[in-house]
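For reference, the structure is listed below as structure tokens.
Since the model is a prediction, treat every value here as computed from it, not as a measurement. Quick note on labels: first sequence line is chain A, next is B, and so on, each numbered from 1.
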There are 2 protein chains.
Amino acid sequence: MNRPLAFDRLNHILQSLDASGSVSVGELAERFGVSKETIRRDLKSLADQGRVSLVHGGATLGLPAEPSLSRREAENAPGKAAIGRKAASLVRDGMVVLIDSGSTTLFLAEALITREHLTVITNSLPIALTLCRTQVVKTIMLGGEIHANDEASFGVDTLELLRHYTVDLAFVGAGGISDEGDFTDYTRLAAEQRHLMLKAGRKAYVVADHTKFERRTPVTIAPTPSLAGLIIDRLPDELASARAAQQRWPILLA
Amino acid sequence: MNRPLAFDRLNHILQSLDASGSVSVGELAERFGVSKETIRRDLKSLADQGRVSLVHGGATLGLPAEPSLSRREAENAPGKAAIGRKAASLVRDGMVVLIDSGSTTLFLAEALITREHLTVITNSLPIALTLCRTQVVKTIMLGGEIHANDEASFGVDTLELLRHYTVDLAFVGAGGISDEGDFTDYTRLAAEQRHLMLKAGRKAYVVADHTKFERRTPVTIAPTPSLAGLIIDRLPDELASARAAQQRWPILLA
DNA sequence: ATATAAAACCACAAAATGCCACATCATGCC
DNA sequence: GGCATGATGTGGCATTTTGTGGTTTTATAT
């Protein structure tokens with residue numbers, strides 16, 4: 001099998017791949033002080049296991065890159081709008097609501113612009129901008145490092161701010177849903193943050209459209225007891241992930 | 001030599017296309033440090049996959065990008081744009097920069113979108129959104145309660161986050177300029193926050209257009225020794241406030 | 001319409017990468 | 001120790017990518 005040295009190398013490769021999404025043969029060879037050919041063989045073995053995909057000059061994550069926000073908005077827009085309206089119907093005037101970033105929750109925010117005496121806490125720049133322009137909804141932005149793809153903040157600052165707030169309702173997104181019915185995410189950090197968001201709500205809902213049942217993302221979001229339900233546009237019963245979710249959580253169909 | 005991955009280039013192109021709706025060959029070539037011909041080949045291959053459509057000078061998704069709302073509404077837009085460019089000329093690659101909210105600073109942000117290896121910290125939602133969409137500038141949003149008129153955060157959370165950061169350059173706005181040459185603001189809270197922002201910069205600049213000399217606002221922003229200058233479009237010498245400012249601070253004319 | 005500058009296209013050269021075969025070295029095992 | 005095994009390095013050669021110079025096309029102003 002692999003010698004200890006080689007094993008370390010593979011780990012480091014996977015690790016930096018996780019961090020930046022791509023690695024180059026030249027950089028790795030230099031970093032580990034080995035020849036490029038060796039790195040190429042490493043990457044090839046990882047590719048054979050399906051853990052990375054090779055590109056000219058290096059490798060990238062085998063998982064498809066997270067689609068950008070504007071792309072996600074276009075995808076299944078009617079379904080997401082319905083989810084947004086359904087979620088908005090749970091919100092009553094005077095409540096304090098936490099809204100996660102994402103294309104689905106953006107529809108929720110738009111459904112809330114006519115409300116009054118509302119306080120909304122969010123980590124999403126577009127949601128904060130939309131709501132503060134109403135001049136009526138009191139808006140609180142969870143600051144911190146901005147993740148460009150989501151146009152939202154993730155990180156230690158965000159987590160720290162989150163700890164200060166407890167809300168009536170929390171609406172949180174997810175990257176995908178596993179065969180066990182667990183919610184999953186693209187990165188460890190995002191999963192942790194979403195977990196904290198769920199905990200911050202006296203009642204917490206996960207919003208997801210049906211395409212999430214078919215999407216696998218690597219990190220599991222730890223479940224929380226305060227989860228009041230899953231709001232979804234429809235439930236494809238031929239999928240294991242959908243059946244599992246149905247058993248584990250209350251389902252609210254939009 | 002190590003070549004940067006072509007794969008990353010394609011990703012960045014798609015992402016900035018998603019963000020802004022269009023890209024130009026020249027900009028991309030400069031940003032990645034490759035020849036225009038290479039960019040043309042990249043765009044062509046993406047066009048072959050039907051993922052972008054080519055136009056003379058670049059590529060597009062067909063979606064027209066709407067110019068930022070608050071920018072068009074701004075009074076004295078040409079003057080503020082000039083101030084933004086002047087301020088941007090003080091920023092060098094690799095710096096960490098703090099940018100206050102305001103229409104003038106929004107022009108500064110837009111002048112920075114072509115830069116690389118920049119970290120920008122801001123309390124303004126539109127500035128954070130604009131910069132994070134470049135996919136290149138690292139953006140940190142100072143969270144907290146959003147003040148609707150400014151579309152920016154002010155308050156205890158913002159002040160608390162601000163304490164964590166020290167930056168190379170700080171660009172801060174002001175509500176007005178007093179006859180003594182002091183900078184003034186509308187509220188006690190805003191004045192305190194701007195004071196802290198000025199202190200957070202190793203070098204700090206106040207940006208203001210000439211209309212500020214004629215405007216009185218109630219609270220004085222406490223002066224700071226690290227103030228490196230006042231960046232302004234022109235200096236009306238018939239006003240007491242202008243003469244006083246000229247005596248007290250270094251003036252940078254845009 | 002014509003002039004002009006910028007951009008696109010094309011073909012070829014240069015550089016970097018990938019692949020293969022073989023030599024070398026370390027390690028494990030008998 | 002001697003041998004087998006697997007990892008690593010080296011050099012040759014094919015492939016891919018990139019840059020360059022020249023020509024053609026396009027956009028825009030006069």
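Atom CG of A:Leu54 and atom P of D:dT15 are 19 Å apart (whole Å). For B:Glu30 and D:dG19, the CD to P distance is 14 Å, given to the nearest whole Å. The distance from atom CG of B:Asp8 to atom P of D:dT18 is 12 Å, rounded to the nearest whole Å. The interatomic distance linking B:Glu27 (CD) with C:dA6 (P) rounds to 16 Å, in whole Å.
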Detail all sub-3.5 Å separations between protein N/O atoms and N/O atoms belonging to nucleotides 24-27 of chain D.
none

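With hydrogens and angles left out, the side-chain atoms of A:Thr158 and A:Asn123 include no donor and acceptor closer than 3.5 Å. In summary, the side chains of A:His210 and A:Asp233 do present a donor paired with an acceptor at a separation below 3.5 Å, with no hydrogens or angles considered. A side-chain N or O of B:Tyr165 and one of A:Asp157 form a donor-acceptor pair less than 3.5 Å apart. Side chain to side chain, A:Glu37 and A:Ser35 fail the donor-acceptor criterion of an N or O pair below 3.5 Å.
Using the six-membered ring where Trp is involved, B:Trp249 and B:Phe183 have ring planes that are parallel, under 30° apart on the 30 and 60° scheme. In this structure, B:Tyr205 and B:Phe171 have parallel ring planes: the angle between them is below the 30° cut-off, well short of the 60° mark.
Checked by atom type and distance alone, the side chain of A:Thr105 never pairs as donor or acceptor with a backbone atom of A:Ile99 at under 3.5 Å.
Of the residues in residues 33-44 of chain B, those placing a heavy atom less than 4.0 Å from an atom of DNA chain C are B:Lys36, B:Glu37, B:Arg40, in numerical order.
Taken to the nearest 0.5 Å, the CE atom of B:Met141 stands 11.5 Å off from the CG atom of B:Leu131.
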